[in-house]
Amino acid sequence: MEAPASRDVLAIAPDDRHKPVLNHGFVELCDMMPRFVALGRIGAEAAIVDAARVSYGEGTRRVSSDRTLLRYLLRHQHTTPFEQVNFVWRVKAPIFVQRQWRTHRTSSFNEESARYSVVRDEGYVPAAAEVKAQATGVLASAQSGSEPLEHAAAVAVAEKINEARDAAYSTYADLLACSVSREVARTVLPLGMYTTFFWKIDLWNLFHFLRLRMNPRAQEQTRAYAKAIYAILQKVVPEAMSAFDDYIYGTVTLTRPEVEAIRAAAVSGAPLMTAEPVSEENPLSCREREEWHEKRAYLYGGEV
Ligand SMILES: Cc1cc2nc3c(=O)[nH]c(=O)nc-3n(C[C@H](O)[C@H](O)[C@H](O)COP(=O)(O)OP(=O)(O)OC[C@H]3O[C@@H](n4cnc5c(N)ncnc54)[C@H](O)[C@@H]3O)c2cc1C
């Protein structure tokens, strides 16, 4: 029997598979599974709905369009069918970004070794807009900075970072020239040096990664990589990404005190923008209130 005609999901413009990120980095989609999809099916997402349909025995199988079923599955957290779609990425990123990336355990990494190869003279230098002041007040413990520095000050900071990196790399090169082993010489290099790695992950866990790392609370430079991956996925699994936008990325999770604040406002007729959550047995922290203001602004519009 002749195999049905299929199309290569990765037969897209090179720019749609490879995105530059930061000053020297990139993300590139190397391969995926399934890669060849029968003509007439929605795309690689066919693997998701086919896996889900195995739940229904022959004869009880419901006729449901691929798109409708895909969206139903994600809406109801039927997650394992999304693990049927797999991706292999090649990434070049500063070590401080890669270190955060590594915490995503439900994926596989293979990173270049600075024990076996010589580290390239390539370091991250922030663009002026990325140089922020340390957050203060309620957000003092937030990982991200808040306000950008004034332009001239930001440029001076970027230059200082570059000088420090140059000095460290020069020491590294001197140590290698003195026959010091690569594994010891590398210890003088800063977190801003670039590294490359292969990264294998399935679609469900990639959704999880994107939800966490595209969030404004994630570090801006790591966010830039997550956004580049998101842009590539929109080209190769557009139906899945539309469902991701609707049922994961664009959603808000409310705590019980927040739900009660909305209910109380509905009963009293007070404007929702003034509703404040109260929890008598467990008083809310300043941080929780700050988070509520952010959610409320997202839900109803207006200033945080
Ligand atoms: C804004 C932000 C700030 C962060 N700050 C820090 C920090 O200061 N220090 C730090 O160390 N990390 C920090 N992290 C990393 C964070 O704690 C998680 O390790 C990371 O986001 C990966 O999330 P995950 O464990 O859900 O993902 P994965 O490791 O991909 O796991 C996915 C899911 O699988 C399950 N799972 C995986 N492994 C196990 C296991 N061994 N046992 C039980 N369940 C498992 C869990 O349900 C988990 O949610 C930060 C992350 C973010 C987004």
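Computed over heavy atoms, backbone and side chain alike; hydrogens, waters and symmetry mates excluded. In listed order, ligands and their atoms are each counted from 1. Nothing fancy with the numbering, it's 1 onward along the sequence.
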Among Glu291, Glu290, Glu276, the one residue meeting salt bridge (charged side-chain N to carboxylate O under 4.0 Å, His left out) with Arg296 = Glu276

Any idea how Phe207 and Trp204 line up, ring-wise: parallel (<30°), tilted (30 to 60°), or perpendicular (>60°)?
-> perpendicular

Selection from Gln100, His208, Met214, Arg211 by shortest heavy-atom distance to atom 27 (O) of ligand 1 = His208

Would you mind finding which of Arg99, Arg217, Arg105 brings a heavy atom closest to atom 36 (N) of ligand 1?
-> Arg105

Using side-chain hydrogen bond (donor to acceptor under 3.5 Å, both in side chains) as the criterion, list what pairs up with Thr171, not counting sequence neighbours.
-> none

Those residues that, when tested against His208, pass ring pair (Phe, Tyr, Trp, His ring centres under 6.0 Å) (two or more places apart) | none

Contact partition for Arg213 relative to ligand 1, non-hydrogen atoms under 4.0 Å = side chain

Just say parallel, tilted or perpendicular for the rings of Tyr249 and Phe244, cut-offs at 30° and 60°.
-> parallel

Which is closest to atom 30 (O) of ligand 1 by heavy-atom distance: Thr106, Leu206, Thr103?
-> Thr106

Gln219 to ligand 1, any heavy atom closer than 4.0 Å | no

